[in-house]
Amino acid sequence: MFYDKNYALAKPRRKRVLLSGFKGFDETKASRNLPCDYVDCAYNFKFKNGILINPLGISALEVDETAIPPMPSVEGKKRLFVTKVDLGGQLKTAFALSHRGGLEYTVCGETQWKHIETDGIFDVGVNYLYEDKDLLLLSGEKGLKALADGELVDVQADARILDMCVHYERIYAVVEGKRNSLRFSDDFDPYNWNVSLEEGGYINFDGSLGSVNTVKSFENYLYIFCDYGIYRLTAFADQTQFSMKKVYASGGKIFADSVKECGEYIAFASQDGIYLFDGYAVTKINVGVDGLSDGGFKDASACYAHGRYIMSFTDEKECDYGVFSQSRANNTILILDIAEKSVEFMRGISLYDLKTVGAYGEGKVIGLSQDCVSPVQLDGSGLYFGAPYQKYWQSGEIDFDRPSIFKVVRAVEYSACCQYVLGIMANGERREFILSPTENRVNIYVKSDKFVFYIRSDNMCEEIRPPILEIDFLQ
């Protein structure tokens, strides 16, 4: 006699889990479980109190609520410099735009740029107060020149200057072809580069840290940044009292254009991360961006404002979200909050040649962009020249630390002030679900042993709170 057998199937164990607490970007804290509070792929979102909001905006530059006139149409490489000019007893901000066809110059409040004839492009510039007159010293392919009151004059220097700064009334300069040497001008006279104990001169050092690349005046000392380390130079008026000391040797190459004074620190990027230097010790900032620095921060340009180290660079790595894979220079911005030790990224943009205008540390961040005919600024609009960003957040591969069993993502519960997309990559496929502010739950039903979740949006205003996923774990 035969009897039917009844099989008791295990009931799925159902859980409600938070997708993420939206705490930030950190490669080292990526999780295979939920909530994945830290991720290694998040662009054009700012993390604030567990919510995803709009990042900084980029718009055409205004100074004192006055728009800067459109730049002349020029081809090829351009560099922007900022200086001051005294007009009738009033100190005004002025801009100089260098390109291969000459130099363009304008003062805030003017409606057009003045063209100044010159050969070659200027790569570096530094401001110097000389006999109560603001000079902008410019160096490039055709030598050193001084811009004063909109007029350009030659300065006699026997080598091309690659970088320079002002320290105790002298100009200190990195010169072409001298990998272990630093040149300096006479004190109180940037026009005099004669070599003598009473005028200008040069300093040689051992070169064990590689080629010298950039020089910074900081906390009463001069710091010389080489490929693989830093020297500290004690340099006051008397040349015979100059002294040199090696203060840091780096395991990875330092990117010269990333070096920037940031309040009580100098920040810089190297092949193995981002560092803060206080004049004596170097500290690595553990914000988990080592993966980005593997290939170098290409085309780096950095500045400092409002407690944040801001660096634009070219990131050629591909991203699942296609808009970020555009091949263009300076398509990514890293923003490091020095006090909070947190980082955020903007991508799919164009911003380079970063500067600050205004009081040190409190000024406005400005630069150039391929997408604007005028100099541009960072602002609080959350928009890119009036249009919303393409914003993207992506988890790592999630298996809930149980890779051998299948799970079913049944639904998502959420609260939204604007529409956005929740996407899931599983089983080699991609599915997307529109989360509308008029609803608070969407059924999903995606089965797999592992998942990658992502959020994308292009709304004008943004405030995405952590959604909750309803998941069945199949026994």
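Source: prediction; values computed, not measured.
When side chains are defined from C-beta on, Asn440 does not count as touching Ser415, because their heavy atoms never get closer than 4.5 Å. Taking 4.5 Å as the limit, some side-chain heavy atom of Tyr280 sits within range of a side-chain heavy atom of Tyr221. With a 4.5 Å cut-off on side-chain heavy atoms, Leu422 and Ile444 count as touching.
A distance below 6.0 Å separates the ring centres of Tyr223 and Phe277. The ring of Trp393 has its center no closer than 6.0 angstrom to the ring center of Tyr43. Separation of the Tyr304 and Tyr309 ring centroids does not fall under the 6.0 Å cut-off. The aromatic ring centres of Phe345 and Phe25 sit less than 6.0 Å apart.
Partners of His99 under the side chain to side chain contact (heavy atoms under 4.5 Å, CB included) rule, at least two apart in sequence or in another chain, are Val74, Lys78, Glu104.
Summarising the geometry, atom CD1 belonging to Ile285 is positioned 7.5 Å from atom CD1 belonging to Ile338; distances are rounded to the nearest 0.5 Å. Atom CD of Glu470 is separated from atom CZ of Arg410 by 5.5 Å, given to the nearest 0.5 angstrom. Rounded to the nearest 0.5 Å, atoms CD1 (Ile366) and CG (Leu378) are 10.5 Å apart. To the nearest 0.5 Å, atoms CG (Leu56) and CD1 (Ile335) are separated by 4.5 Å. Put simply, OG on Ser350 and CD1 on Ile333 are 9.0 Å apart, with the number rounded to the nearest 0.5 Å. Rounding to the nearest 0.5 angstrom, the gap separating the CD atom in Gln377 from the OG1 atom in Thr356 is 13.5 Å.
Smallest separation of non-hydrogen atoms from Pro375 and Leu368: CA-CD2, 4.3 Å. The minimum heavy-atom distance linking Ala300 with Met311 is given by the pair CB-SD, 4.0 Å. Residues Ile434 and Val442 come closest through the heavy atom pair O-CG2, 4.0 Å. Residues Gln112 and Thr106 approach most closely at O-OG1, 3.0 Å, considering heavy atoms. When all heavy atoms of Val39 and Ala42 are compared, the closest pair comes out as CG2-CB, 4.0 Å.
Sorted by first and then second residue, the ring pair (Phe, Tyr, Trp, His ring centres under 6.0 Å) pairs with a member in residues 428-467 read Tyr392-Tyr454, Phe451-Phe453; sequence neighbours excluded. Under the ring pair (Phe, Tyr, Trp, His ring centres under 6.0 Å) criterion, the residue pairs touching residues 455-475 are Phe400-Phe473, with sequence neighbours excluded. Evaluation of the salt bridge (Lys or Arg N to Asp or Glu O under 4.0 Å) test over residues 42-63, restricted to residues two or more places apart or in two chains, returns Lys46-Glu344. Residue pairs meeting the salt bridge (Lys or Arg N to Asp or Glu O under 4.0 Å) criterion with at least one member in residues 349-368, sequence neighbours excluded, are Arg79-Asp353, Asp353-Lys355. Applying the salt bridge (Lys or Arg N to Asp or Glu O under 4.0 Å) rule to pairs touching residues 207-228 yields nothing, sequence neighbours excluded.
No hydrogens or angles considered: a donor-acceptor pair under 3.5 Å links the side chains of Asn459 and Ser457.
Panel note: side chain Asn54, backbone Met460; a donor-acceptor pair is recorded below 3.5 Å. Without hydrogens or angle criteria, Lys253 side chain to Cys226 main chain gives no donor-acceptor distance under 3.5 Å.
Between Phe297 and Phe313, the ring-plane angle classifies as perpendicular under the 30° and 60° cut-offs.
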Handout entry: Worked verdict on Lys77 versus Ser98 for side chain to side chain donor-acceptor pair (under 3.5 Å)
Key = CA-CA 8 Å; Lys77 180 180 176 182; Ser98 177; over 6 Å; no

